[in-house]
Every structure is written in C-alpha cells, then in structure tokens.
Protein chains: 2
Amino acid sequence: MTDDTPKTPRKRQARGEKRIAELLDAAAEVFAEEGFKGASTNAIAARAGASPGTLYQFFRNKEAIAEALVARYVERLREAHGEAFDIEVSKLPLDEMLDRMLDPLIAFDRANPGFYVLLSDPHVSPELAGAKRPAQKLMLERIDRILEARAPGLTAEERGLTAEMAVHLFRGVLPMIMAAEEDELPRVSAETKRALRAYIAPIIGED
Amino acid sequence: MTDDTPKTPRKRQARGEKRIAELLDAAAEVFAEEGFKGASTNAIAARAGASPGTLYQFFRNKEAIAEALVARYVERLREAHGEAFDIEVSKLPLDEMLDRMLDPLIAFDRANPGFYVLLSDPHVSPELAGAKRPAQKLMLERIDRILEARAPGLTAEERGLTAEMAVHLFRGVLPMIMAAEEDELPRVSAETKRALRAYIAPIIGED
DNA sequence: ACTGAATACGAGTAAATGCTCGTATTTAAA
DNA sequence: TTTAAATACGAGCATTTACTCGTATTCAGT
C-alpha cells in the first residue's frame, strides 16, 4: 500500500479551473450560435481569450468540451430539478403544482440559453447524446412518481406516456419562452401552464 | 423586339430533372443525418451516385441545395396544408376538426422524415431560414382564420398567441410522432389530439 | 451523320478545421 | 533559491471541405 497522495501532486488548480470555466463559457456561446458541428475549437479558444494549445491542455478534443459543458449544465440543472420535481409538489393544488414545477424550469432555461440549444441538437456524437440521457430519464422518472402520487389509478404505461407527452409539450413551447421579451414572459408562461394544466387535469381527475 | 424563344434553347431536361431529384433525395438524407453544417456536398453527390462536378452543374452552392430541398418540401406540404387548414374544417365539431387538421400533417411528417429535421435546424443560413418563414407564416394565418371563424369573440392578439402556441405544442410532440412504431402511432396520435383539444376547447368556448 | 448544348466526370485548389508540439512563463512547494 | 509541474502560447500539420475546371459523353434537332 503506497501513499495515495503523491509526492508532487497537482499544483495550481485555481488558474486552471478559471481557464476551464472561461473556456466552457465561450463554448456555450459558440455552440449555441453555430451548433456542435459548426463550432470550431479555434473560435472557442479565441472567444475565451486563449490559444488553441491552451484549450487542448484542458480538453482532449472537441467532444470533451461539449461533454464538460453538458456536465456543468446538468449539475446546475439538478438544483432547479430539485425544486421542480420535489415529490411534495404532488400534494399541492394543480395550479400551484404547475407553478412550482414550471417556474424553476423556465427560469433555468432563460438563464442558460445555451443549454436547450445544445441539448436539443440532434447532431452531436453518440457519446454526448448518451451523456444527456440520464438527466432526461431522471426527469421522466420524477414526473412519473408525481403522477403516481396524484393519480394512483393510472397504469404504468399511462403514466409513462403522460410524462413523455408533458415533457415534449413543454419543450415545444420553449422556443417561445426563450424568444419572449421580459414583459411578454408572464403571458407566455401563463399560457404554457394553461396548456399543460388542460392536458393533465382530466388525467389526474381534476378540473 | 427580338424573339424571346432562343434559336438553340435548353435541350435535355428529362435527364437533368431526374438528376436534380436524385440529388435532392440524397441531400434530404444527408441533411437529416448530419445537419446542414455537417453535411458535405461531396457526400450528397456520392449518395446520389454523382460526382461533385455534376452536383455543381445544378446547384450554385451548398445553400442552394438546401433551398431547393425546402422548396420541394413546401410544395409537397401545400397539398397537406390544403386539407389541414381548409376553412371548411372550422364548421366541424372540434374532434373532427382536429382529425382533419392533424392527420394530414402527421402523415406528411412521417412520409418526409427529412422535412422536420431541416426545418427545425436552427443552424442554417439566414437566407434559408428566410425561405421557410413564408410557409410558417401562411400556416399561422390559416390557423388564425379558423380560430376567428370558430371564436369571433377573440381579439387578434389572443388568436395570434393561441395559433402560435398550438403550432409549438404540435411541434414539440413531433419527435414522439416520428419515433413511434406503426402500431404505437394511433396511441400517440390520439394523445396529441387530446392535448391540443384540451388546450383549445376552453378558448373557443367548447368543452 | 453532324453539331452543339446538356450532362457527366473526378482530379485538383484554396481555405478551414481539429489537433500537436516545441517552447516559454508562472507558481507552489522544497 | 531551486525545481518541477501547471499553464500558456501560436506556428504548423494532416485532413476535410466547398467548389472549379478541363475534358469526355450523351442526346435533340437538323
């Protein structure tokens, strides 16, 4: 058994971590503007004020950048999800429940414009597609559990379809949510909730 | 005034038209698989069994291929739209109206898998983005008119928002519709109609 | 059969892209 | 102060890409 703290361990991480964050910020912008294929690593490095060599000191390749970016998004999203999909919300009246679920998601998506672009870009590598799947699966499971708590009569299949439909309905409206000016947002947001409420209410036996 | 039918007019179009169709078929596949930026013109030519030179005999550049492809889709879609958004549907009961509107759209999207991929790819050139806008605008206007016929009490603003929401809700569910096996389709299709019905019914004062 | 335009080819070009590498600088620890 | 790893640079390489061009073949009309 040797000492697992090496004699000369990794040194300065403060500088490196900062660079990584800068590079990911730049990558988020370029990916959002150009898509995964359209984004060039040189452009990402340049926007971060770094050289290509520096970029490749921290990321194996272009895909690793996207992976790290997705990981960062997923981590940030976990908090929003924590609020949105807390099982406690299933005890609230439907309107309040939708507020509690959708408001954090809307806020997150608007605060992270690159997230939805990258996550919904179908032209990423299979590995990257795999990286975002667990997050989506987790979301579906949490919605499933909330549906189960609210409507125990539903079959597992019905719950699955309903959860998937709800997610897709929301995703469909996301472009409107993203494009809305600050003063239009309440209107769009309310309409989104109305739509989801109308869809879900008869399923969970509430009107 | 000279004769506007030239002495030696364009000759063989049968061969050329066929090649163009083949190239567009190939382009539809490659664009769908790789996206606009990811698709290479050489790959498109190769898949059509043609050489790059032949491709550039018919298309000025890569973007012109996408433009022609969109034009072809839009033309084909016009028929489906003709059915879907016939003002006559506004006289039908809501359920039948939704059948009449959504069934042709669903059939079209499933018959033309490349359509929705290309149309929803945000990383195309501005010119191409402009090419698809008229079709979308027309669709919104037709829905607007149907809403007006059914619910004369609505303000123009309310109709606009409702039409846009409805389109986005449908588009959100499209991935499910595209991914569904033939035997799952009726279930997904019915659920889509349920969702849209639930959203629209209270607006047009029907339940 | 002859002509010329339409169609076809595919090697080739200039530019861009992902990524490397040799080298220089900064910094935490000895 | 010395040392060595971490960080940084940017010219450059190999590959890919959109697109060209010189040339060859197919056809419609005469």
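Contact between the side-chain N/O atoms of A:Arg19 and the OP1/OP2 oxygens of D:dC9 is found at a separation under 4.0 Å. Phosphate proximity of C:dC19 to A:Tyr56: present, with a side-chain N or O under 4.0 Å from OP1 or OP2.
Atom CD of B:Glu17 is separated from atom C1' of D:dC27 by 16 Å (rounded to the nearest Å). In this structure, CZ of A:Phe59 is placed 12 Å from P of D:dA8, rounded to the nearest angstrom. Look at CG on A:Leu23: it is 15 Å from C1' on C:dG18, rounded to the nearest Å. Here the P atom of nucleotide D:dA18 and the CZ atom of B:Phe58 are 19 Å apart, to the nearest Å. In this entry the distance linking CG of B:Leu55 with P of D:dT17 reads 14 Å, nearest Å. Rounded to whole Å, atom P of D:dA5 lies 16 Å from atom CZ of A:Arg15. The interatomic distance linking A:Gln57 (CD) with D:dT7 (C1') rounds to 6 Å, in whole Å.
Side-chain contact between A:Asn61 and A:Thr41 is absent, with no heavy-atom pair separated by less than 4.5 Å. A:Ser189 places a side-chain heavy atom less than 4.5 Å from the side chain of A:Asp103.
The nucleotide whose nearest atom lies closest to any side-chain atom of A:Thr54 is, among D:dA8, C:dC9, C:dT20, D:dA8.
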*Start with the C-alpha distance between B:Arg78 and B:Glu75, add both sets of side-chain angles, then the distance that settles salt bridge (Lys or Arg N to Asp or Glu O under 4.0 Å), and finish with yes or no.*
CA-CA 5 Å; B:Arg78 220 186 299 273; B:Glu75 191 183 359; over 6 Å; no
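The heavy-atom pair separating B:His81 from B:Leu105 by the smallest distance is CD2-CD2, 3.8 Å.
Under the 3.5 Å distance criterion, the side-chain polar atoms of A:Arg100 are left unmatched by any main-chain donor or acceptor of A:Val89. At least one donor-acceptor pair under 3.5 Å links the side chain of B:Glu184 to the backbone N or O of B:Glu181.
Residues of residues 28-44 of chain B having a heavy atom closer than 4.0 Å to DNA chain C: none are found. Contacts between residues 61-73 of chain B and DNA chain C, counted as heavy-atom distances below 4.0 Å, involve no residue at all.
Looking at B:Arg47 and B:Glu33, a side-chain N of the basic residue comes within less than 4.0 Å of a carboxylate O on the acidic one, giving a salt bridge.
A cation-pi contact, defined as under 6.0 Å to the ring centre and within 45° of the axis, links B:Lys62 to B:Phe36.
For the residue pair A:Ser51/A:Thr54, the side-chain donor-acceptor check at 3.5 Å is satisfied.
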